There are 2 protein chains.
Amino acid sequence: MLQEAWDLLVERGLADLSLSELGRRLETSAGHLSYYFGSKNGLLLELLRWSEDELIGQLEVVLASQQPAEERLRQLCVLFFPRHPGDPRWLLWVELWPRVMHEPSLREAQRELDTVWRDALADLLAELTDGDVEPLAQRMLALLDGLSVALLTDQPGLTPEKAWEHVRALLPVR
Amino acid sequence: MLQEAWDLLVERGLADLSLSELGRRLETSAGHLSYYFGSKNGLLLELLRWSEDELIGQLEVVLASQQPAEERLRQLCVLFFPRHPGDPRWLLWVELWPRVMHEPSLREAQRELDTVWRDALADLLAELTDGDVEPLAQRMLALLDGLSVALLTDQPGLTPEKAWEHVRALLPVR
DNA sequence: CTCACATTTGAATGCCTTTCAAAACACTGG
DNA sequence: CCAGTGTTTTGAAAGGCATTCAAATGTGAG
């Protein structure tokens, strides 16, 4: 079900991802989907969780690898950044942001997923720096968000490589 | 007209900002608004431009002031950041991001407004650092975006003051 | 005054989400 | 095997939305 929704999102974009259209594809009714997901936001949130879970699995592999900490950080960035302009995962994030204020379930999900990434960053940074790691992790996550939006919207003059350079620039010189 | 739309946005939020509702308030028809703004996105874009123009006026005052460069940078941040969680200007930005990929007019506006801020940053940074200022300005703008989203969505543990500290941390030690 | 052009209206279209009653289904204790 | 209870699923209905369109109204130049 989520797979079909994901395919729809990839093929036709956010605008065409409706409960009605999804119902048509799955040969069920929009009413049922509304019942099942609670609401359209529910669907979007489930989708986001679903794709994020996948990614977090990959993140754990990266973190557990024997590479140098800086290389693991680089790979974290590769996972975090949109893979290309219009990447569906980031489309979902950006779609949900304006609704976070009014929907407690979204708030919670955002906080939860943010924490995963921030903790991972903090662990890596603990290996790479001496000082207090929490503020640096917060700063770096904000930078990652900003860079991701720029990559998502295909900002001219920004490539994933350059984005990685920007992240590296936050690391203290050793 | 934009003023009324803005008020509506402030009072009732993004969800209730519709051409129909605006038509009711202005005692005109939704059809006319659609004709006038071209589309709903047209309205959102005009609104964003409108509020951004206001801000850019204030930015120019700040930039021209006699304060030290770092203080002018701080004031730029104050202007740039959302004034409070749910700040309408940032709601508009975030609402428009997912649509930037498909609407050339949005792309252009985004590029244009980004450039204003990035140039302002570059000018200030030229006073504060020696090296190549362009990449640093790009990096700082991405950080400002990320921090703004965090402030917009009321991320716990982040205040405007802390956000400013994060920005300052990008400045090279002198 | 007229004609061409722009604006405004209000209704129609076709979408959407959500709700709801009724039907179908699944399961449990007898 | 059956009855009864609770959950899913359906299909239609309600209500709202942006957009389109033909008709009506305004407007300004020659």
Side-chain angles (χ1 to χ4, degrees), chain A residues 1-50 86 88 91-107 109, chain B residues 1-50 88 91-109:
Chain A
M1 208 144 152
L2 291 171
Q3 182 62 55
E4 189 71 29
W6 186 260
D7 293 348
L8 185 53
L9 178 58
V10 168
E11 284 169 36
R12 317 257 306 263
L14 255 181
D16 285 339
L17 178 52
S18 62
L19 296 180
S20 303
E21 181 61 29
L22 188 56
R24 248 164 267 141
R25 288 228 190 179
L26 290 168
E27 324 220 356
T28 182
S29 65
H32 175 53
L33 293 172
S34 200
Y35 165 83
Y36 186 79
F37 289 111
S39 69
K40 168 134 191 218
N41 274 345
L43 165 63
L44 296 182
L45 182 53
E46 285 300 309
L47 262 183
L48 182 60
R49 274 191 199 286
W50 186 66
L91 244 25
L92 286 175
W93 267 118
V94 174
E95 185 73 11
L96 290 175
W97 274 336
R99 310 182 206 294
V100 161
M101 266 91 50
H102 303 100
E103 288 235 7
S105 62
L106 291 182
R107 282 203 81 67
Chain B
M1 208 146 151
L2 289 171
Q3 182 62 56
E4 190 71 30
W6 186 261
D7 293 349
L8 185 52
L9 178 58
V10 169
E11 283 170 36
R12 317 256 306 264
L14 255 182
D16 285 339
L17 178 52
S18 63
L19 296 180
S20 304
E21 181 61 30
L22 187 56
R24 250 163 266 139
R25 287 229 191 176
L26 290 168
E27 324 219 357
T28 180
S29 65
H32 175 52
L33 293 172
S34 202
Y35 167 84
Y36 186 81
F37 287 111
S39 68
K40 168 130 191 224
N41 274 346
L43 165 63
L44 296 182
L45 182 53
E46 285 300 309
L47 263 183
L48 182 60
R49 274 191 199 287
W50 186 66
L91 244 26
L92 286 175
W93 267 119
V94 175
E95 185 73 11
L96 290 175
W97 274 336
R99 308 180 210 295
V100 161
M101 265 91 49
H102 303 100
E103 288 236 7
S105 62
L106 291 183
R107 282 202 81 68
E108 201 185 335

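Computed from a predicted structure; not experimentally measured. In the text below, chain A, chain B and the rest are named by the order of the sequence lines, each starting its count at 1.
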By side-chain hydrogen bond (donor to acceptor under 3.5 Å, both in side chains) - contacts of E21(A) (at least two apart)
R12(A), R24(A)
side-chain hydrogen bond (donor to acceptor under 3.5 Å, both in side chains) partners for E46(B), two or more places apart
none
Its contact letters, B for base, S for sugar-phosphate only and - for none at protein heavy atoms under 4.0 Å, make nucleotides 7-14 of chain C read BBBB----
Check each of L9(A), L8(A), T28(A), D16(A) against L22(A) using the side chain to side chain contact (heavy atoms under 4.5 Å, CB included) test, and report the only one that passes.
L8(A)
Can you measure L19(A) atom CG to dT19(C) atom P for me and round it to whole angstrom units?
12 Å
Nearest heavy-atom pair of A5(A) and L43(A): which atoms, and what distance?
CB-CD1, 4.2 Å
Give S34(A) one of three labels, base, sugar-phosphate or nothing, depending on what nucleic acid heavy atoms sit under 4.0 Å from its own.
base
Quick one: side chain to side chain contact (heavy atoms under 4.5 Å, CB included) partners of H102(B), sequence neighbours excluded?
none
Looking at DNA chain C, which of residues 2-16 of chain B put a heavy atom within less than 4.0 Å of it?
none
Can you tell me how far C1' of dC16(C) sits from NZ of K40(B), to the nearest Å?
13 Å
Neighbour count >12 (heavy atoms, 6.0 Å) for atom CD, E4(B)
yes
Donor-acceptor pairs under 3.5 Å, side chain of residues 32-42 of chain B to any protein atom, not counting sequence neighbours: which ones?
residue, atom, partner, partner atom, Å
S39(B), OG, N41(B), N, 3.4
S39(B), OG, G42(B), N, 3.1
K40(B), NZ, L17(B), O, 3.0
N41(B), ND2, E103(B), OE2, 3.0

Got a sec, which residues hit side-chain hydrogen bond (donor to acceptor under 3.5 Å, both in side chains) with R107(A), two or more places apart in sequence or on another chain?
none
Name the atoms and distances for all side-chain donor-acceptor pairs under 3.5 Å in residues 91-101 of chain B, with sequence neighbours left out.
residue, atom, partner, partner atom, Å
E95(B), OE2, R99(B), NH2, 2.7
R99(B), NE, E95(B), O, 3.4

List in chain and number order the residues that pass side-chain hydrogen bond (donor to acceptor under 3.5 Å, both in side chains) with E27(A), two or more places apart in sequence or in another chain; answer none if no residue qualifies.
none
Starting from the first five and the last five pairs of the helix from dC1(C)-dG30(D) to dG30(C)-dC1(D), work out the angle between the resulting helix axes, to 10 degrees.
0°
Protein-nucleotide distance (L43(A), atom CG; dC16(C), atom C1'), rounded to Å:
14 Å
5'-most to 3'-most nt of DNA chain D touching chain B (<4.0 Å, heavy-atom partner on protein side) reads dC17(D) to dT20(D)
Who are the salt bridge (charged side-chain N to carboxylate O under 4.0 Å, His left out) partners of R49(A), not counting sequence neighbours?
E112(A)
From L26(B) CG over to Q3(B) CD, what is the distance, rounded to the nearest 0.5 angstrom?
11.0 Å
